[in-house]
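Inspection log for the structure reproduced underneath, given as C-alpha cells.
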There are 2 protein chains.
Amino acid sequence: MKQLPSTQRSLPIALIRARENVMTPIRQMLSESGLTEQQWRVLRVLDEHGALEPSQLAKHAALLLPSQTRIVQSMAQKGLVERREHRNDRRRTVIKITDSGQAIINDNAAKAAEIAAQIRDKLGPRRFETLLDILDDLRDLE
Amino acid sequence: MKQLPSTQRSLPIALIRARENVMTPIRQMLSESGLTEQQWRVLRVLDEHGALEPSQLAKHAALLLPSQTRIVQSMAQKGLVERREHRNDRRRTVIKITDSGQAIINDNAAKAAEIAAQIRDKLGPRRFETLLDILDDLRDLE
DNA sequence: GCAATATATTTAACATGTTAATGATTGCGA
DNA sequence: TCGCAATCATTAACATGTTAAATATATTGC
C-alpha cells in the first residue's frame, strides 16, 4: 500500500508557501494603492487584453466567477473598471479598465517588473522557466 | 525600464492555477468526509508530529494563526481534535488529534497516497522532485 | 411561436485569508 | 513586588475562496 508523503514534501503545502513568499513583496507594493492582489490581477489582465466578458476575465485572472463578481462590483464603485452591455446578447457584459485604473497600472508597472525580475534572478532564469513549465504540466489531472 | 511579464507567464497566477489543479481531486475525496482541505492538513500534521502548540501547528500546516484559531475551534466541536493546557505556561495550549480524527486519517490515507502518486507519475519522479526543490528556493525573497 | 433546455452570471451561505487591534500571561527590571 | 515590556493567541473586520442555488437571457425542438 502506498504511503502518504510527509507534509514536509507535500505539493499542496509547498504551493501555498511559495505563493505566500512570492506575494509578500507584491502585497507590500499594492497596499500603498489600497489594492488587493486580486484587484491588481484584474487590472493587469484588462490592461493586457482589453475589455473582456466576465468568464474570460475570470479565466485569465485565475478567479472563480462568484469572487470576481464581487471584486468587479467593488472596483466599479471605486471607478477602476466599468461595465458595458453586450450588443447582441444581454446575458453578457463587457468589463473594461478606466483611465483611473490604467493610471494605477502605470504607476506600479516599473516596481512590479522589478519584483518579478528579482524573483527570476533569485532562482536563475533557467530554473524560473523550468518552474513555470512544470506548473503548467499540472493541468488536466484526470 | 523593465517590462511587466505577460499574465500568461506570471508566477503568482501559475501558482494559483497549479494549486487549484492539484487540490481538485483531493477536495473530491474530502467532501465525502465533510472536511475542507485545511482541516485535512491539520489532521495530517497532528498525525505526523503528535500534539503541537498553535504556532507550531500553523507553521507545519501553512495556516495563518487567525484562520487556524477558527479551524481548530470548529474541529474541536466536531470532536476531531482536542486542546489541553500547558502545565507551566498558561499562555500556551497543546492541540492533539482525537481517535475520531485519527479514524478519518486512516480511512483516507490510501486514497490520498494514490492521488499524490498520480501527480508524481504525471510529472515524472524527477520533475516532481525538481518542482518541490524550486518551490522551496522561493523562501526568503528579500 | 412556445415550452424545454442550455448558457452566462449573480446571489447566497459558509469557510478561509489577511491585517490590525485586543487580550492574556509571563518574565524582567526598578 | 510592582509595573512594564515582550510574547503568544484570539478576536474583529473585511476580502476572497468554494459550492450550491437562483436568475436571466438565448437557443433548440416541436
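Here is how names work: the chains are called A, B, and so on, in the same order as the sequence lines, proteins then strands, and each is numbered from 1. In this text, all values refer to a predicted model and were calculated from it rather than measured experimentally. Excluded from the calculations below are hydrogen atoms, water molecules and symmetry mates; all remaining heavy atoms, backbone and side chain alike, are included.
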**OP:** Please determine, by modelled atom types, if A/T7 and B/E48 share a side-chain donor-acceptor pair under 3.5 angstrom.
**Re:** yes
**OP:** Figure out the CG/P separation between B/L15 and C/dG17, and round it to whole Å.
**Re:** 16 Å
**OP:** Determine, for B/R127 against B/E129, whether the closest basic-nitrogen to carboxylate-oxygen distance falls under 4.0 angstrom.
**Re:** no
Original post:
Separation of B/L57 atom CG from D/dA9 atom P, in whole Å?
Top reply: 10 Å
Subject >> All side chain to side chain contact (heavy atoms under 4.5 Å, CB included) counterparts of B/A116, not counting sequence neighbours >> reply: A/P5
**OP:** Write down the distance between CD1 (B/I95) and C1' (D/dC8), rounded to a whole number of angstrom.
**Re:** 12 Å
Original post:
Checking A/N21 side chain against A/R17 main chain: does a donor-acceptor pair fall under 3.5 Å?
Top reply: yes
Sort me out a list of protein N/O and nucleotides 18-22 of chain D N/O pairs below 3.5 Å, or just none if empty.
from   : atom 1 : to    : atom 2 : distance (Å)
D/dT18 : OP1    : B/R27 : NH2    : 2.3

Original post:
How is A/Q73 classified with respect to the nucleic acid when contacts are heavy atoms under 4.0 Å: base, sugar-phosphate, or nothing?
Top reply: sugar-phosphate
Original post:
Rounded to whole angstroms, how far apart are CD1 on B/I71 and C1' on C/dG17?
Top reply: 9 Å
**OP:** Return the nearest nucleotide to the side chain of A/P54; candidates are D/dA9, D/dG17, C/dT10.
**Re:** C/dT10
Original post:
Mapping B/R83 and A/Q39 onto DNA chain D by nearest heavy atom, which one lands closer to the 5' end?
Top reply: B/R83
